[in-house]
Amino acid sequence: MSKNAIPGQIYRRLYLCYGPQRWWPGETDLEIIVGAILTQNTSWSNVVKAIGNLKKNRMLTIERLQKAPVRSLGRLIRSSGYYIVKAKRLKSFIDFLSTRYRGDIRALSRVPTGSLREQLLSVNGIGPETADSILLYVYNRPVFVVDAYTKRIFSRHRFFDPGATYDQVQRFFTDRLIRDARLFNEFHALIVKLGKEYCKKKPLCFLCPIVDMVPRYQGR
DNA sequence: GACCAGGCACATC
DNA sequence: GATGTGCATGGT
């Protein structure tokens, strides 16, 4: 088996084991984007409460979010942690959307992927993972999302160095997989599923059994 | 009480 | 370019 085929093999094993994850967990484009920002370095269960609060208070619209003061928005999303920072980040995105696209989330679907990624990255509070999550899960672009679990699991299995950059890790996968949004969608979700089960920071991710069934990638 | 969670911006060297 | 730090809640 070609070593380049290993990521695909791992994907298939994960899919067979866990089944489709049907991400992103969110009903609307706006909810996905809000969730992507709120889940930064935060467990999803804490984000669920915050989004629930936003919905309960009918705040999950572009207009309401735009009008809301940072402080009161912060109170609603308190459970997601870093709530002042995140309230500002939500408003940064809304400002971007309003200024450049008249508040129309779907208008972004006409923008080419590279340009859209650059624009998202220019928004304060949107880094590579958040931008790529939006590109993949809202706009269905074939962009591989790299998160902490991805780095941790695959570096511990020596697929790449723990110090690898976001772009390097992303390239590792995109160079070895068919460029397909549905594949990238499920793969990232399955990695998170696996990570939650086996790969906490400590104790040192005793090697995830499913990934370990696949021969190690030895070269570089 | 310590550790961890689906990051990011900013300061400093 | 690499490294360190602040941001903060809620579950285990």
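Predicted model, so just to flag it, every value in this text is computed and none were measured.
Comparing C:dG11, B:dG7, C:dA8 by their closest approach to the side chain of A:Glu129 singles out B:dG7. Minimum atom distance to the side chain of A:Ser79 is reached by C:dG10, of the listed C:dG10, C:dC7, B:dC8. Of the listed nucleotides (B:dC8, B:dA5, C:dC7), B:dA5 has the atom at the smallest distance from the side chain of A:Tyr149.
Taking the P atom of each, B:dC8 and C:dG10 are spaced 22 Å apart, rounded to whole Å. Across the C1' atoms, C:dT3 and B:dA5 are found 22 Å apart, a figure rounded to whole Å.
Rounded to an integer number of Å, the gap from NZ of A:Lys86 to P of C:dG10 is 12 Å. Between the CG atom of A:Asn41 and the P atom of B:dC3 there is a distance of 16 Å, rounded to whole Å. In this structure, A:Leu120 places its CG atom 12 Å from P of B:dA9, rounding to the nearest Å. Atom NZ in A:Lys151 sits about 13 Å away from atom C1' in B:dC8, given to the nearest Å. Rounded to an integer number of Å, the gap from CZ of A:Phe93 to P of B:dC8 is 14 Å. Taking atom CG on A:Asn53 and atom C1' on C:dG10, their separation rounds to 14 Å, with Å as the unit. We find that CD of A:Gln40 is positioned 17 Å from C1' of B:dC4, with the value rounded to whole Å. What separates CG of A:Asp167 from P of C:dA2 is a distance of 12 Å, to the nearest Å.
The residues A:Lys55 and A:Glu31 are annotated as salt-bridged, a charged nitrogen and a carboxylate oxygen being separated by less than 4.0 angstrom.
Between the A:Ser98 side chain and the A:Ile94 main chain, a donor and an acceptor come within less than 3.5 Å of each other.
Considering only side-chain N and O atoms, A:Thr130 lies under 4.0 angstrom from the phosphate OP1 or OP2 of B:dC8. Put simply, A:Arg75 has no side-chain N or O that comes within less than 4.0 Å of OP1 or OP2 on C:dA8. Close to C:dG10, at under 4.0 Å from its OP1 or OP2, lies a side-chain N or O of A:Arg78.
If you check every strand for non-hydrogen atoms under 4.0 Å, A:Val123 touches sugar and phosphate atoms only. Nucleic acid contact class of A:Ile191 (heavy atoms, under 4.0 Å, all strands): none. Backbone-only contact: A:Ile84 has heavy atoms under 4.0 Å from sugar-phosphate atoms and none from a base.
For A:Gly125 and A:Lys196, each mapped to the nucleotide of DNA chain B holding its nearest heavy atom, the one lying further toward the 5' end belongs to A:Lys196. Nearer the 5' end of DNA chain B, as judged by each residue's closest nucleotide, is the contact made by A:Val192, out of A:Asn124 and A:Val192.
The number of heavy-atom neighbours closer than 6.0 Å to CD of A:Gln66, taken from other residues, nucleotides and ligands shown, is above 12. Summarising the local packing, CD of A:Glu118 is surrounded by 12 or fewer heavy atoms from other residues, nucleotides or ligands at distances under 6.0 Å.
Minimum interatomic distance between A:Thr150 and A:Phe160 (heavy atoms only, all atoms of both residues): O-CZ, 4.0 Å.
Using a 4.5 Å heavy-atom cutoff, the side chains of A:Asp132 and A:Phe184 are not in contact.
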